[in-house]
Amino acid sequence: MNPMIDLVADLGEGFGAYRIGNDTELLDIVSSANIACGFHAGDPDIMNSTVAECVSRGVGIGAHPSFPDLRGFGRRAMDLSADEVRNDVLYQLGALSAFAAAHGRRVAHLAPHGRLGNLVAVRPDYASAVADAASRFDEDLIIVAQEGELARAARARGLRVAVVGIVDRAYQEDGTLVPRGTDGAVLHDARAIVDRTVRMVCEGKLRTVTGVDIDVEADTVLLHGDNEGAVELARLIRSELTSAGVSIAPLGEVLAAKHPVA
């Protein structure tokens, strides 16, 4: 069987009159969307319009919950308890779910944003809090994460996990990302990003910052859309994957094909 992958982007990350990224063009490229739920970006109008655009294009709807850090775009650590994290995630899931329901759809997946997304990979308490919120909200919800504490906590609760490959970020040998602010943490060479995407999807391999290859069995590839040239890069990634015989499909279809129920 030819490889199959979901392409996902973080969308709806404006606020009020402010916009980040080119959501309209990205929605013609991706098969799923991580939609900001109001805590790091997004507001009711943006959430509604983003969901509507996803529905009109057949793009999967995913929640992108964050720490309550609108000013810092969700990229700052916050000293929250596990209960606060659980309740914050439930609150954001509920908000996005209302807009999805209004358009006749459901939230299909959850992908924590920013600093919360980094911490749930390594902190068991935060990972359990997010997994609890997801399982209480909808047992069919797919958790999008790197391998780590959140993936383990979600699987322990019977939730499906989709492993995400973040191809414009440098990886360490343990499979975690090189922290932002570190030299080389973010990759900018478009050709190198495309090549590593195709290799990851087709071969299941990724070169780390130390030059060591690691195994990465990704179900979805994250395409960032908030930097110069992002849309052109996303188009090139999709084109090169298709040329390599890879099928692009929403996350639920990818997991069903890779892990069929007996």
With heavy-atom distances below 4.5 Å as the criterion, would you say the side chains of [X] and [Y] are in contact?
| X | Y | value |
| --- | --- | --- |
| Cys202 | Val198 | yes |
| Thr50 | Phe99 | no |
| Ser66 | Leu116 | no |
| Pro65 | Asp88 | no |
| Val8 | Leu251 | no |
| Asp6 | Asp219 | no |
| Glu53 | Thr24 | no |
| Arg157 | Glu139 | no |

> Only one of Val216, Asp195, Ile5, Asp215 clears side-chain contact (heavy atoms from CB on, under 4.5 Å) with Met200; which?
Replying inline: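 Of the listed options, the one satisfying the test is Val216.
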Applying a strict under-4.5 Å side-chain criterion to I, L, V, M, F, W and Y, I'd like to know whether [X] and [Y] cluster together.
| X | Y | answer |
| --- | --- | --- |
| Leu141 | Val254 | no |
| Ile46 | Tyr91 | no |
| Val120 | Val163 | no |
| Val186 | Val194 | no |
| Ile20 | Phe67 | no |

Show the nearest heavy-atom pair for residues [X] and [Y], with the distance to one decimal.
| X | Y | value |
| --- | --- | --- |
| Ile142 | Ala162 | CG2-CB, 3.8 Å |
| Gln172 | Pro179 | NE2-CD, 4.3 Å |
| Gly184 | Ala170 | O-CB, 3.2 Å |
| Leu26 | Ala234 | CD2-CB, 3.9 Å |
| Gly16 | Asp43 | N-OD2, 2.7 Å |
| Leu93 | Ala134 | CD1-CA, 4.4 Å |

>> Considering only residues two or more places apart or on different chains, which pairs with a residue in residues 240-255 satisfy side-chain hydrogen bond (donor to acceptor under 3.5 Å, both in side chains)?
In response: none
So does [Y] get a backbone contact from the side chain of [X], meaning a donor-acceptor N/O pair under 3.5 Å?
| X | Y | answer |
| --- | --- | --- |
| Arg196 | Val167 | yes |
| Ser135 | Ala131 | yes |
| Ser31 | Leu7 | yes |
| Arg105 | Ala102 | no |
| Thr182 | Ala185 | no |
| Ser128 | Asp125 | no |
| Arg169 | Leu177 | no |
| Tyr171 | Ile166 | yes |

Inter-residue atom distance [X].[atom1] - [Y].[atom2], 0.5 Å rounding:
| X | Y | atom1 | atom2 | answer |
| --- | --- | --- | --- | --- |
| Leu233 | Ile29 | CG | CD1 | 9.0 Å |
| Met47 | Gln92 | CE | CD | 8.5 Å |
| Leu222 | Thr197 | CG | OG1 | 10.5 Å |
| Ile193 | His188 | CD1 | NE2 | 8.0 Å |
| Glu217 | Lys205 | CD | NZ | 8.5 Å |
| Leu119 | Met78 | CG | CE | 12.0 Å |

Any Lys/Arg nitrogen of [X] or [Y] sitting under 4.0 Å from an Asp/Glu carboxylate oxygen of the other?
| X | Y | answer |
| --- | --- | --- |
| Asp69 | Arg75 | no |
| Arg191 | Asp189 | no |
| Asp213 | Arg199 | yes |

> Would you say the side-chain atoms of Thr176 and Asp174 include a donor-acceptor pair closer than 3.5 Å?
Replying inline: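 Yes.
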>> Assess the residue pair Ile35 and Cys54 against the criterion (side-chain contact (heavy atoms from CB on, under 4.5 Å)); give the C-alpha distance rounded to whole Å, side-chain angles, the decisive distance to 0.1 Å, and a yes or no.
In response: CA-CA 10 Å; Ile35 301 176; Cys54 286; 4.1 Å; yes
Acceptor/donor pairs from residues 106-113 side chains to any protein atom, 3.5 angstrom cut, sequence neighbours excluded:
residue : atom : partner : partner atom : Å
Arg106  : NH2  : Asp138  : OD1          : 3.3
Arg106  : NH2  : Asp138  : OD2          : 2.6
His109  : NE2  : Asn34   : OD1          : 2.7
His113  : ND1  : His64   : NE2          : 3.2
His113  : NE2  : Phe73   : O            : 2.8

> Is there a side-chain contact (heavy atoms from CB on, under 4.5 Å) between Ile61 and Val55 once you walk through the steps?
Replying inline: CA-CA 8 Å; Ile61 297 168; Val55 171; 4.1 Å; yes
